[in-house]
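Written below as structure tokens is the structure these notes are about.
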Amino acid sequence: MENFSEVLTLFLSVDNFVAIAVGVLVGVIVGAIPGLTATMAVALALPFTFSLEPVTAILLLVGIYKGGMYGGSITAILIRTPGSPAAACTLLDGYPLAQQGKAKKALKTALYSSCVADLISNIALIFFASYLAKIALNFGPPEYFWLICFSLTIIVSVSGDSVVKGLIAAGLGVIVSSIGLDAVYGSQRLTFDSYDLMDRVSFIPLLIGLFAIPEVFEFYTSKVVPHIRTAASGASLTLAEFKRCLKTVIRGSLIGVVIGAIPGTGATAAAFISYSEAKRNSPRKNNFGKGEIEGVAAAEAGNNGVAGATMIPLLSLGIPGDVITAIILGAFMIHGLTPGPVLFQENLTMVYALFCGILVSSAVLLIVGNAAIRYFSLIAEIPKSILLPIVLMFCVYGAYAVNNSTFDIGLMLLFGLLGFIFNRTGIASAPFLIGFILGPMFEDNLRRTFLISKGDPSIFFRGPITWLFIALTIASLAFAAYRYWQNRIAATNAS
Amino acid sequence: MKNVEIDIAEIQERYYGRFNPNSILGATFALVAILFLYYLVPNYIEEPGYLKNPMLSPRFIPLVAGWLVLTLSIVMLIEGLLRPPKHTASEELHSGIPKLRWALMMAACAIYMFLFEQLGAITCGIFASLFLFLASSVRHVWVYLLGFAFPVVVSLLFIHVLNVPLPVGTIWE
């Protein structure tokens, strides 16, 4: 009871509610602007959280994440431009609906499905995260070593079209993460005697550089692509229609929860699996792809079901489930907190205050999403030529704010150039970030394991937990190899 | 400067020759990896003389990552030579861009990078924004006024709301 009142005291502050509302609003707006992603918005918002309380800071970022997931579907439905990869599936039925003059119906279906899925995902987070954290208390360095090995397999799924390129990017990320003073011996690693590099490469300039700056560079080095625009008008969604979709929404949400809880599988896969399951089970399967609201509901339930669930491995094990949760992991670290089982032991009230905020964010999404449908045309009309100079200014000020150093501005632009080269050459930036974050954790646990075992490698196979993660790592790699071969066969057949 | 528009649907896909982006990228990464493994690691990563286990060395993980990059770069190089990739529609978006457009973008970045402390956050923001508006051929006067208003508002937001002491500019002091 005492804990409960502490949680309420921590959560019931105006700042938290403002952070959630602002976060969701910013997320929806950014998600609704073609070319700007939720990942970029979360990275850009990170410097704004420095002066905030940890709970408020995390809720702001989670709000942006959830808003961005929904916002991406608006452009997918109206202008056939998915704001996020996960919204690509929404486009299949959403855009045909918009062409039939039923854009409002499609947008409302997407919004209500997103909110229901988000709520189900949040409830799953609250139930499973603490349970998983209790198990993780038994983990030592060897168990964590294998857990990180398992997490590193997500590189395969976030590598885009080429696994080889993704692995190269991850290797480069590990190399960049090794810059600084060595944690065990204190010797210099690739610092070139620069004081700015001795405390490792700053996380925020790297993030902003990798995910926001390439958008700016890309705009000024590309021709202008005209967009097809459709008004957010037509009849709205009826209660009977939503009831018809409810089964699909719940199924899609559960698919999203399961997929989201596995690091690296991602919202895009959840959306497409949910969509194909809905199509398989629907009596109107022939209408899918031609403007079926059940298709929109399935896709949106799948991708929003992932949002809360990706926080399960982050909060309970300290492992990011996707790129955005990797950035949120950075936010925890900036505020002196380490996600994982220890967080549940030492900051339980904070964790439950976060859960309260995450639940509230689903309701806020409903309100903000409704407003976004009404005022969407204004959001979509902001030209990039006006928006991107302001984005660059935010990037520069944000990077400078980390250490009040112009070195970080240079670092950010350097990583921006790297991200731009990655974009142009078909290399995904996400594996680089995963390598940068997980590299030091991998090294730290490897060394600690050898130190406690005095060099005996048998400690890596000391119990059922290590064997479980070895099996999961092998299974994950086997699944990735299977998908790779299937894609190659499909590509060969297509050509 | 005129914005160049393009219709992606009109672009047809065709294959590259042997010297395609994948083979060039593979060769570049391989050279970088060799430089890293044989020059940077031995010279710029200090190793204590009393190591009991080579896996505890500060060089171990960078070496593993370096060899991984080298091996995969060679794979990419060979793959690029044996199976040249196709031109993609998005590549056509990047050709024929006015040089002044990206030169102005580079100038905006250079202002932020080299003159941030000397000119201050607001002045840099104004100059860079105006350069970028010019780069995208913005014609409305009110947009250029935004180029003055936004840096002031955003700087004040950072300084007074977020307590981030952005530089005011050493030349104004």
Side-chain angles (χ1 to χ4, degrees), chain A residues 47-48 50-51 162 164-165 167-168 170-175 178 182 184-185 187-192 216-217 219-226 383-386 388-390 392-394 396-398 400-401 404 406 409-410 413 416 424-427 435 439 442-443 446-447 450-451 454-455, chain B residues 3-8 21 25 29 36 40 44-48 52-53 55-56 58 61-62 65-66 68-69 72-73 75-76 79 93-94 96-97 101-102 104-105 108-109 112-113 116-117 121 124-125 128-129 132-133 135-138 143 146-147 150-151 154-155 158 162-166:
Chain A
F48 285 93
F50 291 164
S51 57
S162 169
V164 172
K165 288 180 181 176
L167 289 171
I168 290 174
L172 293 174
V174 172
I175 289 170
S178 68
D182 180 61
V184 175
Y185 296 103
S187 53
Q188 291 191 40
R189 290 204 296 195
L190 306 166
T191 59
F192 309 101
V216 179
F217 287 177
F219 177 73
Y220 290 100
T221 54
S222 306
K223 290 171 190 166
V224 180
V225 182
K384 276 192 180 177
S385 53
I386 298 176
L388 290 177
I390 298 162
L392 180 65
M393 188 165 59
F394 271 103
V396 171
Y397 291 4
Y400 181 84
N404 294 338
T406 46
I409 297 176
L413 291 170
R424 282 287 172 95
T425 50
I427 300 176
F442 178 87
E443 183 179 32
L446 176 76
R447 286 165 138 194
F450 273 117
L451 284 171
K454 294 182 177 138
Chain B
N3 278 334
V4 190
E5 290 205 353
I6 187 167
D7 186 353
I8 299 176
L25 203 65
F29 277 135
F36 176 75
L40 291 178
Y44 291 98
I45 300 185
E46 295 166 10
E47 193 171 45
K52 285 181 183 171
N53 189 332
M55 289 172 120
L56 291 173
I61 292 292
L68 177 81
V69 173
L72 293 168
S73 305
V75 171
M76 196 157 90
E79 201 179 12
L93 293 172
H94 310 310
I97 303 301
R101 187 174 159 96
W102 64 261
L104 283 167
M105 183 200 73
C109 291
Y112 278 132
M113 197 165 161
F116 198 65
E117 291 201 323
C124 275
S129 301
L132 292 174
F133 289 150
S136 47
S137 310
V138 173
V143 175
L146 278 182
F150 264 110
V154 176
S155 297
F158 267 85
L162 302 170
N163 295 321
V164 175
L166 291 177

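In what follows, chains carry the letters A, B, and so on, assigned in the order in which the sequence lines appear, proteins first and then strands, with residues in each chain numbered from 1.
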Check whether any side-chain heavy atom of B:V69 sits under 4.5 Å from a side-chain heavy atom of B:F36, and report yes or no.
-> no
Most heavy-atom pairs under 4.5 Å with chain A, out of B:L40, B:L166, B:N53, B:V143, belong to B:L166
What part of A:V164 is in contact with chain B, defined as an atom under 4.5 angstrom from a non-hydrogen atom: side chain, backbone, both or neither?
-> both
Which of the residues A:S178, A:S385, A:G398 is involved in the greatest number of heavy-atom pairs with chain B at under 4.5 angstrom?
-> A:S385
Highest number of heavy-atom pairs under 4.5 Å with chain A: which of B:S73, B:P165, B:A128, B:G125?
-> B:P165
Within-4.5 Å side-chain heavy-atom neighbours: B:F133 and A:P389 = yes
Which region of A:F217, side chain (C-beta onward) or backbone (N, CA, C, O), has a non-hydrogen atom less than 4.5 Å from a non-hydrogen atom of chain B, or is it both or neither?
-> both
Validation row: B:L25, A:I427 side chains within 4.5 angstrom (heavy atoms) = yes
So do B:M113 and A:T406 actually touch side chain to side chain, heavy atoms under 4.5 Å?
-> no
Could you have a look at A:K454, A:M393, A:E443 and say which one has the most heavy-atom pairs with chain B under 4.5 angstrom?
-> A:M393
Shortest non-hydrogen contact between A:R447 and B:L56, atoms and distance | NH2-O, 3.0 Å
Given a strict heavy-atom distance threshold of 4.5 Å, which part of A:L190 is in contact with chain B: side chain, backbone, both, or neither?
-> both
Check whether A:I390 gets within reach of chain B through its side chain, its backbone, both or neither, counting any heavy atom under 4.5 Å.
-> side chain
Are A:F394 and B:F158 side-chain neighbours, meaning at least one heavy-atom pair lies under 4.5 Å?
-> yes
Okay, A:Y220 and chain B: the region with an atom under 4.5 Å from a heavy atom over there is both
Which is it for A:L392 and B:Y112 under the side chain to side chain contact (heavy atoms under 4.5 Å, CB included) test, yes or no, and what are the steps along the way?
-> CA-CA 10 Å; A:L392 180 65; B:Y112 278 132; 3.7 Å; yes
Contacting region of B:L68 [heavy-atom separation from chain A under 4.5 Å] = side chain
Taking atom CG of A:L167 and atom CE of B:M76, what is their separation to the nearest 0.5 Å?
-> 11.5 Å
Determine the option with the most heavy-atom pairs under 4.5 angstrom with chain B, choosing from A:F450, A:Y397, A:Y185.
-> A:Y397
Do you know which of B:S129, B:P62, B:A121 has the most heavy-atom pairs under 4.5 Å to chain A?
-> B:A121
Proximity breakdown for A:L172 and chain B, heavy-atom pairs closer than 4.5 Å = both
Under 4.5 Å from a heavy atom of chain B, the part of A:L446 involved | side chain
So which of B:P58, B:P48, B:A65 has the largest heavy-atom pair count under 4.5 angstrom toward chain A?
-> B:P58
Could you walk me through whether A:K165 and B:F29 pass the side chain to side chain contact (heavy atoms under 4.5 Å, CB included) check?
-> CA-CA 10 Å; A:K165 288 180 181 176; B:F29 277 135; over 6 Å; no
Polar side-chain atom of A:R189 near backbone of B:I45 as donor-acceptor pair, under 3.5 Å = no
